[in-house]
Amino acid sequence: MAEPRTSVEPALRLRDLTVTFGGAHPVRAVDGVDLDVHPGRVLAIVGESGSGKSATALASIGLLPGSAEVTGSATVAGVDLVTAAESQRVPLRGSSIAMVFQDALAALNPYRTIGRQISDAYRLHHRVDKTAARKRAVEVLDRVGIRDPERRVDDYPHEFSGGMRQRAMIATAIVNNPTVLIADEPTTALDVTVQQQVLDLLTGLTDDLGMALVLITHDLGVVAETADDIAVMYAGRIVETGTVLDVFDHTAHPYTRALLQATPNLDAPSRRLAAIPGVPASGANRPTGCAFHPRCPFAEQVGEACQTVDPHLTPRPGSALHRAACHFTAEQELPHV
Ligand SMILES: Nc1ncnc2c1ncn2[C@@H]1O[C@H](COP(=O)(O)OP(=O)(O)OP(=O)(O)O)[C@@H](O)[C@H]1O
Ligand code: SF4
Ligand SMILES: [Mg+2]
């Protein structure tokens, strides 16, 4: 695991990032997210379905549909992708910040060879001829562990297995050596052994290329093995963040505690979140006060504040980087279980 690098300029900096989907009933999908992602480090974003993980990622790379109103900032290479004109964003997308999408396996074009798709991504940012771009495609396919890349570069997506297609998507995302890679649930559709290989690939790339990796996942076992830092999202907000060691060993938010308890064995091969009691809140049905209060086992003990006062992220004693938004743990530690 990389050492915390607080003094280094983050590769991606989110400040007060807010995403609202319009319509008759506007949904605040992301609500004031602040995050720094540093070169060579892996930040995991976790949370239940609908908590705003993908919307945060898509806003960071400037790829949300026009129906979404985005405010705040997402700064990469000195450019705020929220306010930048599309003409400024395009050169950065792929070269400075790239993304492996949640439905990556469906994102490959079935009618174009794998090599053509990687070459096209390369030629968006490099003035090279087709031969040089194909050579680069072979190189990155080799880097992501595709055997016999010289031959496989001319295959169509249906000739690749699911794991190989995911590697091809990662190859497309890294072909321009981005400084930030966002991988949205990159292993969910894969079987367990292939999952591990893809995670090893992603962390290897982070180390070798000095990329900052944002890994969106439901799987806390993956977080434990792979990530340096973690941000736990609930109803569009970060409710706890810090290094994985701090957050797992000194959990300071009852929701994080519930997620950890819903993952009975962090070392077991299949670790999708078990359900935690109660109905998840989202931007569409955000309870007053602390959004977690209808499900929180500590809310009664705290009293009215949980239902009426919005808790803010505050630093935990001993670590400025470890922050949690909870009235209970602002005063005391969570009891041991
Ligand atoms: N294009 C859209 N239009 C309207 N609402 C949307 C759109 N995309 C997402 N939402 C809403 O925004 C909220 C956050 O969605 P998001 O996709 O970011 O969740 P997520 O944490 O990635 O969930 P999952 O784990 O299921 O992928 C949800 O309430 C979702 O219904
Ligand atoms: S603020 Fe209250 S309801 Fe929210 S997590 Fe803390 S104790 Fe629970
Ligand atoms: Mg998602």
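Position 1 is the first residue of the sequence, and the numbers go up from there. Order of appearance sets the numbers: ligands from 1, and atoms from 1 within every ligand. Just so it is clear, the model here is predicted, and its values are computed rather than measured. These values consider heavy atoms only, across backbone and side chains, with no hydrogens, waters or symmetry-generated copies.
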How far is [atom] from its nearest protein heavy atom, and which residue and atom is that?
{"atom": "atom 27 (O) of ligand 1", "value": "Gln102 NE2, 2.9 Å"}
{"atom": "atom 17 (O) of ligand 1", "value": "Ser54 CB, 3.8 Å"}
{"atom": "atom 24 (P) of ligand 1", "value": "Ser49 OG, 3.6 Å"}
{"atom": "atom 14 (C) of ligand 1", "value": "Gly50 O, 3.5 Å"}
{"atom": "atom 1 (N) of ligand 1", "value": "Phe21 CE2, 3.5 Å"}

Are the charged groups of [X] and [Y] less than 4.0 angstrom apart, N to O?
{"X": "Lys135", "Y": "Asp129", "value": "no"}
{"X": "Arg28", "Y": "Glu69", "value": "no"}
{"X": "Arg41", "Y": "Asp229", "value": "yes"}
{"X": "Arg295", "Y": "Glu48", "value": "yes"}
{"X": "Arg151", "Y": "Asp148", "value": "yes"}
{"X": "Asp310", "Y": "Arg237", "value": "yes"}

query = Which is closest to atom 25 (O) of ligand 1 in terms of heavy atoms, Glu48, Lys53, Met233?
reply =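 Closest candidate by heavy-atom distance is Lys53.
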request  = Run through the protein N/O/S atoms less than 2.8 Å from atom 2 (Fe) of ligand 2 and write them out by chain and number.
outcome  =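 Near atom 2 (Fe) of ligand 2, the protein supplies Cys306 SG.
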inquiry  = Please check: side-chain N/O of Arg286 versus main-chain N/O of Ala235, any donor-acceptor pairing under 3.5 Å?
reply    =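 Yes; judged by distance alone, with no hydrogens or angles, the pair exists.
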ask   = Is a side-chain N or O of Thr263 found less than 3.5 angstrom from the main chain of Leu259, in a donor-acceptor match?
value =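 Yes.
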With atoms numbered from 1 as shown, which atoms in ligand 1 lie under 4.0 angstrom from a non-hydrogen atom of [X]?
{"X": "Ala55", "value": "18 (O)"}
{"X": "Ala29", "value": "12 (O), 13 (C), 14 (C)"}
{"X": "Ser51", "value": "19 (O), 21 (O)"}

inquiry  = Side chains of Arg93 and Glu86, heavy atoms from C-beta outward: is any pair under 4.5 Å?
reply    =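 Yes, close enough: below the 4.5 Å cut-off.
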message = In this structure, would Val46 and Phe248 fall into the same cluster of hydrophobic residues linked by side-chain contacts under 4.5 Å?
response =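 Hydrophobic grouping puts Val46 with Phe248.
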Proximal protein heteroatoms (N, O or S) of the Mg ion (ligand 3), under 2.8 Å =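 Result, waters dropped: Ser54 OG, Gln102 OE1.
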request  = Determine, using heavy atoms of Gly47 and all atoms of ligand 1, whether some pair is separated by less than 4.0 Å.
outcome  =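 No, that is not the case, since the closest heavy atom of the residue is not under 4.0 Å from the ligand.
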message = Contact between ligand 1 and His218 is defined here as a heavy atom of the residue under 4.0 Å from a ligand atom; is it met?
response =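 Yes, His218 has a heavy atom closer than 4.0 Å to ligand 1.
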message = Heavy-atom pairs closer than 4.0 Å: do any link ligand 2 to the side chain of His253, the backbone, both, or neither?
response =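 The part of His253 near ligand 2 is the side chain, not the backbone.
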